[in-house]
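The structure appears right after this line, and notes come after that.
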Amino acid sequence: MSISFKSAEVKAGDVFDTIIIGMGPAAYGTALYTARYMLNTLIIGETPGGQLTEAGEVDDYLGLIGYQAADVIKVFNSHVIKYKVPQLMDTVESFRREGDYYVVKTKRKGEFKSKTIIVTVGVKRRKLNVPGEQEFAGRGVSYCSICDAPLFKGREVVVVGGGDSALEGAELLSRYATKVYLVHRRDSFRAQPVYVKMVSEKPNVEIIMNSVVTKIEGEKIVKEVEIENIKNKQRRKLNVNGIFVEIGFEPPVDFARKNNLETDENGYIKVDDWMRTNLPLVYAAGDCTNKWLGFRQIITAVSQGAIAAYSAYKDLSEGKDVKENN
Ligand code: NAD
C-alpha cells in the first residue's frame, strides 16, 4: 500500500527543537504534541504509517470506526500537516552529541541538529516468507490478533506460532471464529503453561504441532492455507479466511547499539515512566520501547508519543541540556 506523500523541504544543517525518528503511529502522536507545545519539530522516517501499511481494517482506535489502515495513515498525517510539521522521508543512520545539540545523520539528506530526539523506530514483525503472505497482507493475513480478531467473527482462521502472543491470540480468536487452527513448527510450546492449558481446553481450537505453513491462497481474500508436517512431509489444506502470524518481533537492537541507547535483555529501548531513555534529552515511544510489552496497539503507541513530547517540552522548559545525565 502506498499513500501520496510530499517529503519536507528542509536542508542539511537546519536546527530543530526536536527530531522524531520514525513515521508510524508513535511518531504522529509525538509530532501532534511537540507541535502543540510549539517545539520546532522535524519527523524523519522511512515509511509513512509504519506497520499500518501492512494492516487492513482498523477498528480499535477510538473514534475511527471501521477505517481502512490507509485512511488511518491519511488522518494521522493530515493532523500533523495541520500543525505544519515537516516530514522527511529518509533513514536515520545515527545521532551523536556535539556541543549543545544532537547531530542526526540521515542516509540521503545529510545532517540536522536538534536539542532533543524522540526515537519511534518501531519493530519489524517476523514474517513467514511463504507465497501469498505479502499478496494477502491486510486481506486475511494479519500480524496482530488483538487488533484484528473481531473482523473474523463466524469464520475459520489459522494462528501460527508457539509463544505467548500466538497462544493468547488463539484464545482470543476462539471467542470470535468458529474454528481456530493453531499451527506450530515444534513439538512443544514456548508459551506460559497457563495459556497452553487455556487454549487446549477450547473445543473450537485444533492444535497442529510439528507443522509449518507452506502457502497462502485466495482470490480477493484468503481462502486456503497449506501446511506441511515437517516430520512426515504430509501436506494438508485448511479452508480459512484468516491467518494470524504471531511468530515474534525484531527489536531495533542495531539502532540502539549504534546510538548508545540502553536496551533491556530482549533488545527493546529502556524508558522510564515518562519515556526518557538513558541519554539526556532523548526519549523513545511506541513498539521500540520496553514499555507495555505484550500489549502493543496504535492507541498505546500514540499515547507514548504524547508523553514523550510532553517530557521533551518539560525538560527544555526547565533548561535541561544535552550534557546532563538523566
Ligand atoms: P511502527 O513500526 O509502526 O513505525 C516505525 C517507523 O519507524 C516506520 O515508519 C519505520 O519505517 C521507521 N523507521 C525505523 N527505523 C528507522 C530509521 N533508522 N530511520 C528512520 N525511520 C525509521 O511503530 P510505532 O509507531 O511504534 O507503532 C506501531 C503500533 O501500531 C504498534 O503498537 C502496532 O501494534 C500497531 N498496529 C496496529 C494495527 C491495527 O490493525 N490495529 C496494525 C498495525 C500496527
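Source: prediction; values computed, not measured. Remember, it's 1-based here, ligands and their atoms both numbered in the order they're listed.
Using bins of under 30°, 30° to 60° and over 60° for the plane-to-plane angle, the ring pair Tyr61/Phe76 lands in the perpendicular bin.
Ring pair Phe152/Phe244: centre-to-centre distance below 6.0 Å.
Here the closest heavy-atom approach between residue Gly66 and residue Glu57 is recorded as CA-OE2, 3.6 Å. Closest of all the heavy-atom pairs between Asn210 and Lys231 is OD1-NZ, 4.0 Å. Of all non-hydrogen atoms in Asp59 and Leu64, the two that sit nearest each other are OD1-O, 4.0 Å.
A salt bridge (charged side-chain N to carboxylate O under 4.0 Å, His left out) check over residues 240-252, counting only residues at least two apart or in different chains, returns the pairs Arg126-Glu250.
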Could you go through ligand 1 and list every pair where one of its N or O atoms sits under 3.5 Å from a protein N or O, giving the atom names and the distance to one decimal?
| from | atom 1 | to | atom 2 | distance (Å) |
| --- | --- | --- | --- | --- |
| ligand 1 | 2 (O) | Gln51 | NE2 | 2.9 |
| ligand 1 | 3 (O) | Gln51 | N | 2.8 |
| ligand 1 | 9 (O) | Met23 | N | 3.4 |
| ligand 1 | 9 (O) | Thr47 | O | 2.8 |
| ligand 1 | 11 (O) | Glu46 | OE1 | 3.3 |
| ligand 1 | 11 (O) | Thr47 | N | 3.4 |
| ligand 1 | 11 (O) | Thr47 | OG1 | 3.1 |
| ligand 1 | 18 (N) | Val92 | O | 3.0 |
| ligand 1 | 19 (N) | Val92 | N | 2.9 |
| ligand 1 | 21 (N) | Glu46 | N | 3.3 |
| ligand 1 | 25 (O) | Pro25 | N | 3.2 |
| ligand 1 | 25 (O) | Ala26 | N | 2.9 |
| ligand 1 | 26 (O) | Asp287 | N | 2.9 |
| ligand 1 | 32 (O) | Asp287 | OD1 | 2.8 |
| ligand 1 | 32 (O) | Gln297 | N | 3.1 |
| ligand 1 | 32 (O) | Gln297 | O | 3.0 |
| ligand 1 | 34 (O) | Arg125 | NH2 | 2.9 |
| ligand 1 | 34 (O) | Arg296 | O | 3.0 |
| ligand 1 | 41 (N) | Asp60 | OD1 | 3.2 |
| ligand 1 | 41 (N) | Asp60 | OD2 | 3.1 |

